[in-house]
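What follows is a set of notes on a single structure, which appears directly below.
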Amino acid sequence: LRTGRLFPWTTTRTTASNPAVICCSITQEFGSRDSRISVLRGINFEAHYGEITLLVGPSGCSKTTLLSVVAGLLDKSGGHLKVLDTDVATLKGSASVLFRRRNLGFVFQQYNLLPSLTAAENAAVPLLAAGASRKHAVERATALLHTLGRGDRAHPNAKPVHGGQRTAWAHPARGSLGPGRGGIDDT
């Protein structure tokens, strides 16, 4: 597992001395006793605001496991983790869910688009989860699709589109909550 950064952009929100994600000696183990498997072994990693950070490695090297730990979807076995200046280990139950809903967006390998919804409705799902009205959520998601150059495809159903279009629709869903949200893309 290697990490790297591309395309640094400046931001007024934070400085380089204040990373968005800090992983110190992160470990992750599965199983118990004799069947214990260590999949993350002392990972040290930082991701900074305003930069695109890539995790690169062969299939099966635990990139998704690391992303799941960073996102708080999976509890780490050891080490220290801060995301957006928050010690994720201190968040329990609904606090963890609220933190993810307010601060993080996900695009998984399977995209998790609902085939019965339009692209705009799929992009509106995070807004609906955050309590927005359906009308407001769909309008905002449609505007975001137009901003991203996908407005012409805002209303056809997601089911018949190819992989690249599903990716193009999944990213607006991640970003529909607005600026300042962290993005986690496992595609």
Side-chain angles (χ1 to χ4, degrees), residues 3-14 19-21 47-56 59 63-74 81 83-86 88 91 93-187:
T3 61
R5 279 184 246 144
L6 294 177
F7 313 116
W9 288 285
T10 58
T11 178
T12 56
R13 189 176 142 136
T14 63
V21 175
H48 294 267
Y49 289 97
E51 294 182 348
I52 295 174
T53 304
L54 306 173
L55 299 177
V56 180
S59 179
K63 299 179 299 290
T64 297
T65 301
L66 179 58
L67 291 175
S68 296
V69 167
V70 168
L73 296 173
L74 185 63
L81 171 65
V83 178
L84 305 175
D85 293 322
T86 301
V88 178
L91 301 174
S94 62
S96 179
V97 172
L98 288 173
F99 178 79
R100 282 193 304 274
R101 188 183 81 196
R102 291 179 179 147
N103 297 294
L104 301 174
F106 302 89
V107 178
F108 292 100
Q109 290 175 356
Q110 301 304 318
Y111 306 110
N112 296 320
L113 295 175
L114 303 171
S116 62
L117 301 181
T118 66
E121 290 167 337
N122 269 291
V125 167
L127 291 167
L128 295 169
S133 71
R134 184 180 188 286
K135 181 181 178 194
H136 171 75
V138 172
E139 286 173 356
R140 185 166 169 186
T142 300
L144 181 59
L145 286 166
H146 281 282
T147 299
L148 296 173
R150 302 289 180 192
D152 61 328
R153 304 290 294 171
H155 296 289
N157 288 336
K159 191 174 185 176
V161 301
H162 59 77
Q165 288 175 326
R166 285 194 301 270
T167 300
W169 291 353
H171 285 280
R174 178 194 56 80
S176 66
L177 290 171
R181 306 296 196 240
I184 297 176
D185 183 341
D186 188 36
T187 55

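Throughout, numbering of the chain's residues begins at 1 and tracks the sequence.
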Of all heavy-atom pairs between [X] and [Y], which one has the smallest distance, and what is that distance?
X: His48; Y: Pro19; answer: CE1-CG, 3.6 Å
X: Ala141; Y: Ala120; answer: CB-O, 3.3 Å
X: Val88; Y: Val70; answer: CG2-O, 4.4 Å
X: Ala137; Y: Leu128; answer: CB-CD2, 3.8 Å

Please examine the side chains of [Y] and [X], heavy atoms only from C-beta on, and report whether any two atoms are closer than 4.5 Å.
X: Leu144; Y: Arg140; result: no
X: Tyr49; Y: Leu84; result: yes
X: Leu117; Y: Val125; result: yes

N/O donor-acceptor pair under 3.5 Å between Glu139 side chain and His136 backbone: no
Does Gly72 offer a backbone N or O that forms a donor-acceptor pair with the side chain of Arg100 under 3.5 Å? yes
Distance from [X] atom [atom1] to [Y] atom [atom2], nearest 0.5 Å?
X: Leu55; Y: Thr65; atom1: CG; atom2: OG1; value: 11.5 Å
X: Thr86; Y: Asn103; atom1: OG1; atom2: CG; value: 7.0 Å
X: Leu66; Y: Leu74; atom1: CG; atom2: CG; value: 10.0 Å

Residue pair Arg134, Val138: steps toward the side chain to side chain contact (heavy atoms under 4.5 Å, CB included) verdict: CA-CA 6 Å; Arg134 184 180 188 286; Val138 172; 4.2 Å; yes
